[in-house]
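First up is the structure itself, then whatever we jot down about it.
Counting starts at 1 for both ligands and their atoms, following the listed order. One-based numbering along the sequence shown.
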Amino acid sequence: MLIVKKFGGSSVANKERIFNVARRCVEEYKKGNQVVVVLSAMGDTTDELTAMAADINPNARKRELDMLLSTGEQVSVSLASMACESLGVPAISLNAFQVAMHTTSTYGNARFKKIDSQRIRHELESGKIVFVTGFQGVNKYDDVTTLGRGGSDTTAVALAAALHADACEIYTDVDGVYTADPRVVPNAKKLKEVSYDEMLEMASLGAKVLHNRSVELAKKYDVQLVVLSSLEEAPGTVVKEETKMEQMLVSGVTADKNTARIAIIGVKDEPGIAFKIFSMLAKKGINVDIILQSIGRDNKKDISFTVASTALKETLEVLEENKGRITAERIESDDQVAKVSVVGAGMQTNAGVASDMFEVLYNVGVNIRMISTSDIRITVLIDEADVDKAVKAVHAKFIEED
Ligand code: ASP
Ligand code: MG
C-alpha cells in the first residue's frame, strides 16, 4: 500500500516529537508499505517567521514572505528524514521545487495546478521513506509560493491524489473532528465519520482541524481522509463522500472569530454597484462571505459583508481608494464580530433548524446581526464577546439533547 501521512506543527515541535513521527513512519514502512510524509513547520515557526518579517518590513512583498515562510517546512522534513535514518531506515526529504509541485502565482494563497509524481515514485521504489515539505509550491516564474496558513493538509491531499495513494492520514494534536471545540464545549463528541460537504462547511467556518482547500480537493479527487492524533492510538474521524453511521441532524457547531464586518453606507441604488465592489475585491483575492443589502431609500442603499479579520486592512484600503467609483458616502467596519454556525447534512430534509437556532440564541440573550444559510448550514454573525455562550447553548440544543 502507498500511504500519505501528514503531521502538523505541534506533532514535530521538538526532537522528541520528531522521533515520534519518525518511529510511526518506520513502523508503517516495516509493514511493507510505501510511505510519503508531509510535514508542517515545527511548532510556532511560521508565526515566528511572520513576526520576523513584520519587524524588518511591515509591507514586505508577498513573494519575499513566501520565500521566508517556506523555510520552516524545509527544517522539519530534513530533520525528520535524518531521524528515520538514525533509526536505520533510508529516507529523503524533498521540497516543492524538487518534487515539482506547480501552483498558481498568487503568493501567500497559491493553489495547486499540477504535481509531478515521478521523483517521489523513484525515491519510494528505491526503498526510502519520502518526506515532503507541506504548505508550498512553485509557480511559473520558478518562485516559491505558499498555500495559505494551514496549507500542509492540502499538500497531503494533493499528493495522495497525484500518487493514487491507498490512504491519506492527517495527524494532529486532536484525535479527530468534534461536534464543537472541546475547549469551549466539554461535552463535545468525536465524530466517527463526516461527509466532505459537512467537513468543508466546518473547515471554512472555523473548525481548525483541516484546511478547507484540502477538503475541497479530497472531494474532487475522492481521496478518503482520516484525521487522527499523532500522540495517541485512537480511531480518529473518517472524512468521506457518504456517511451512514451518524444520522445526526446537526453534526457540528463552529465559531470563527477571524471575522470582520464592513458596511458601505449610502451607495447609489442603481445597477452595477455590487458588481463594482465585489469584482474589485475579488481581483485582490479577498474572500467575501455573508453579504447583505438593505432596501433602497431616497435612491440610496447600504451594502454590508464580512471578510476575514486578517483581510480587513487591505479591504478597507481598496474601498477607501475607490469610494468615489462605488458612490459610497462612508465606510464602516467592526472587527469585534464572529460567525457561529451549525452544520449538518440532515438539515436538507428537516425544516425548523434555523428557527430553533434563533430561539436558542434569543433565550441566552444573543443578538443576531446577520444570517446566512446553505443546504447544510446556518450561520449567524454575532458579537465576538457572545461566542462561547452561543456555541454552548446551540450545542446543548442540537447535539446534547439529541
Ligand atoms: N506551517 C504552515 C502554517 O502554520 C502550514 C501548516 O502548518 O499547515 O500555516
Ligand atoms: Mg492545521
Exceeds 12 heavy-atom contacts within 6.0 angstrom, atom CZ of Arg297
yes

Spatial distance of atom CG (Leu210) from atom CD1 (Ile170) [nearest 0.5 Å]:
6.0 Å

Any nitrogen or oxygen of Lys6 lying under 3.5 Å from a nitrogen or oxygen in ligand 1? Just yes or no.
no

Student check: side-chain heavy atoms of Lys192 and Pro235 closer than 4.5 Å:
no

Would you indicate which of Ser10, Ser214, Ser152, Ala41 comes nearest to atom 6 (C) of ligand 1 when only heavy atoms are counted?
Ser152

Between Glu332 and Arg330, does at least one N-O distance fall below 4.0 Å, as a salt bridge requires?
yes

Does even one non-hydrogen atom of Gly151 get within less than 4.0 Å of ligand 1?
yes

Decide if atom NZ of Lys268 counts as having more than 12 heavy atoms of other residues, nucleotides or ligands within a radius under 6.0 Å.
no

Taking 4.0 angstrom as the limit, do Arg149 and Asp47 come out as a salt bridge?
yes

Going by the order shown, which atoms of ligand 1 are within less than 4.0 Å of some heavy atom of Arg149?
3 (C), 4 (O), 9 (O)

Report yes or no: does Gly150 have a heavy atom closer than 4.0 Å to ligand 1?
yes

4.0 Å heavy-atom contact, His211 with ligand 1:
no

Subset of ligand 1 atoms that lie under 4.0 Å from at least one heavy atom of Glu73:
1 (N), 2 (C), 5 (C)

